[in-house]
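Scroll down for the structure; my scribbles are underneath it.
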Amino acid sequence: MRSPLRRREKPTISRENPAMNVAASEFEVDAWAISQFVMHKLVPIVGSHPFPLHELMLMTGAVCRLEPREIFEWGTYVGQSARIFYEITSHYRVPAEIHSTDLPDDVEHDEHPHADRGRMVRGLSRVHLHQGDGLTTSLELWRAGGRQLQPLFFVDGDHSHESVLRELTGIANEIPHAAVLVHDAFYQSAEAGYNTGPYRAIEEVVAAWPGRYRRVYSGLGLPGMSLLYPASPAE
């Protein structure tokens with residue numbers, strides 16, 4: 001007679017910060033105890049088209065390693081990435097204020113959210129919705145908030161080389177110690193027909209400030225994501 005199948009217990013998800021060696025000179029990935037959290041918590045929330053798992057892990061790792069007190073993002077449509085940041089910071093008890101900026105109502109754009117603006121984060125504590133130019137509004141909010149050290153920016157605009165370069169340059173000029181996640185930054189050759197604008201913009205900014213940034217590329221597939229973070233901690 002067969003033994004009855006033992007019911008599988010739901011895995012315990014640790015709320016301890018997975019960035020175990022915060023003094024390491026490199027951005028470590030082997031200590032990220034987050035896979036269960038990402039799969040069980042984030043994927044159902046963001047709907048049928050979630051960020052790929054490797055991108056979610058980079059977003060989570062960036063928050064846990066850098067522990068920003070302010071997160072600024074724009075071009076996120078219905079608030080999908082803002083919701084991800086909210087869940088990450090809530091789970092790992094990082095008390096970050098999240099500022100999400102979208103286009104004004106009178107601006108025409110193919111991806112204008114209109115009535116859906118911020119749908120996934122409406123009413124959540126620590127998430128603040130704004131309208132305006134993403135870079136300009138975020139920098140104004142950063143100044144008004146007391147110029148917190150090491151804020152985290154999430155750049156997900158129109159993905160053109162010109163706009164991403166403007167945004168990265170604007171952040172680098174004003175906040176040398178800021179970290180930036182850049183979405184849609186997967187590099188392919190021009191023959192592949194994929195937009196390499198964000199990747200080229202990252203390369204130009206790194207070259208313009210030699211030695212300032214370290215880079216982490218999440219290049220396991222499209223659309224890809226990259227992290228720029230300060231090589232030296234802010235003083």
Side-chain angles (χ1 to χ4, degrees), residues 10 12-19 22 32-51 53 55-105 112-157 171 175 177-181 183 225 227 229 234:
K10 186 176 181 179
T12 301
I13 303 174
S14 172
R15 282 177 167 76
E16 294 181 0
N17 190 321
V22 295
W32 293 358
I34 62 174
S35 297
Q36 295 175 354
F37 164 61
V38 171
M39 293 301 293
H40 290 287
K41 185 67 174 175
L42 289 183
V43 172
I45 286 176
V46 299
S48 58
H49 300 287
F51 281 53
L53 179 59
E55 295 180 8
L56 292 173
M57 292 182 72
L58 182 57
M59 295 168 77
T60 305
V63 170
C64 289
R65 168 74 186 225
L66 302 170
E67 295 188 334
R69 290 300 177 263
E70 290 181 314
I71 299 174
F72 300 96
E73 54 144 47
W74 55 83
T76 59
Y77 197 59
V78 297
Q80 177 170 303
S81 56
R83 183 60 182 266
I84 291 172
F85 284 124
Y86 173 80
E87 296 296 343
I88 293 169
T89 54
S90 297
H91 183 83
Y92 290 111
R93 301 189 177 104
V94 177
E97 298 294 318
I98 301 163
H99 297 276
S100 182
T101 301
D102 263 303
L103 295 170
D105 292 333
H112 197 300
H114 297 292
D116 269 347
R117 181 172 67 90
R119 171 170 51 83
M120 291 185 172
V121 290
R122 288 175 190 162
L124 293 180
S125 62
R126 299 187 294 102
V127 181
H128 313 280
L129 299 177
H130 311 275
Q131 288 181 281
D133 174 75
L135 174 64
T136 303
T137 302
S138 296
L139 291 180
E140 290 174 349
L141 290 166
W142 175 75
R143 297 184 202 111
R147 301 173 182 264
Q148 296 286 330
L149 291 178
Q150 296 184 179
L152 176 63
F153 288 79
F154 184 79
V155 175
D156 188 20
I171 295 168
I175 317 176
H177 47 270
V180 188
L181 282 162
H183 196 223
M225 188 178 294
L227 170 67
Y229 69 103

(request) Could you tell me whether the side chain of His177 reaches within less than 4.5 Å of the side chain of Leu149, counting heavy atoms only? (result) yes

(message) So which atom in Val63 and which in Pro68 form the shortest heavy-atom distance, rounded to 0.1 Å?
(response) O-CD, 3.7 Å

(request) Check Ala178 against Ile171 and note the closest heavy-atom contact, atom names and distance. (result) CB-CG2, 3.8 Å

(request) Output the distance between atom OG (Ser100) and atom CE (Met120), rounded to the nearest 0.5 Å. (result) 12.0 Å

(message) Can you give me the closest heavy-atom contact between Gly79 and Val121, atom names plus distance?
(response) O-CG1, 3.7 Å

(request) Specify the closest pair of heavy atoms between Ala62 and Leu181, including all atoms of both residues, with the distance to one decimal. (result) CB-CD1, 4.3 Å

(message) Do Leu141 and His130 make a side-chain contact, defined as non-hydrogen atoms from C-beta onward lying under 4.5 Å apart?
(response) yes

(request) Determine whether the side chains of His99 and Glu73 contain a donor N or O and an acceptor N or O closer than 3.5 Å. (result) no

(request) Determine which pairs satisfy salt bridge (charged side-chain N to carboxylate O under 4.0 Å, His left out) with at least one residue from residues 124-141, sequence neighbours left out, and list them in order. (result) Asp133-Arg166

(message) Please give me the minimum heavy-atom distance between Leu124 and Arg83, naming the atom from each residue.
(response) CD1-CD, 3.8 Å

(message) To the closest 0.5 Å, what do you measure between OG1 (Thr101) and CG (Leu135)?
(response) 10.0 Å

(request) Could you pull out the closest heavy-atom pair between Leu66 and Ala179, with the gap in Å? (result) CD1-CB, 3.5 Å

(request) Quick one: pull up CZ in Arg93 and SG in Cys64 and give me the separation to the nearest 0.5 Å. (result) 12.0 Å

(message) As an exercise, state the distance from CD1 of Ile84 to CZ of Phe154, rounded to the nearest 0.5 Å.
(response) 7.5 Å

(request) Look up atom OG1 in Thr60 and atom CD1 in Ile88, then write down how far apart they are to the nearest 0.5 Å. (result) 3.5 Å

(message) What's the separation between atom CG in Leu227 and atom CZ in Arg65, rounded to the nearest 0.5 Å?
(response) 10.0 Å

(request) Name all residues meeting the side chain to side chain donor-acceptor pair (under 3.5 Å) criterion together with Arg147; count only those two or more places apart in sequence or in a different chain, and write none if there are none. (result) none

(request) Check side chain to side chain donor-acceptor pair (under 3.5 Å) between Glu70 and all other residues, then give those that pass, not counting sequence neighbours. (result) none

(message) Phe153: which residues meet the ring-ring contact (aromatic ring centres under 6.0 Å, His included) condition with it, sequence neighbours left out?
(response) Phe72

(message) Checking the side chain of Trp74 only, and the main-chain atoms of Val155 only, is there a donor and an acceptor separated by less than 3.5 Å?
(response) no

(message) Given Arg69, which partner from the list Val94, Leu152, Thr89 fulfils the side-chain contact (heavy atoms from CB on, under 4.5 Å) test?
(response) Val94

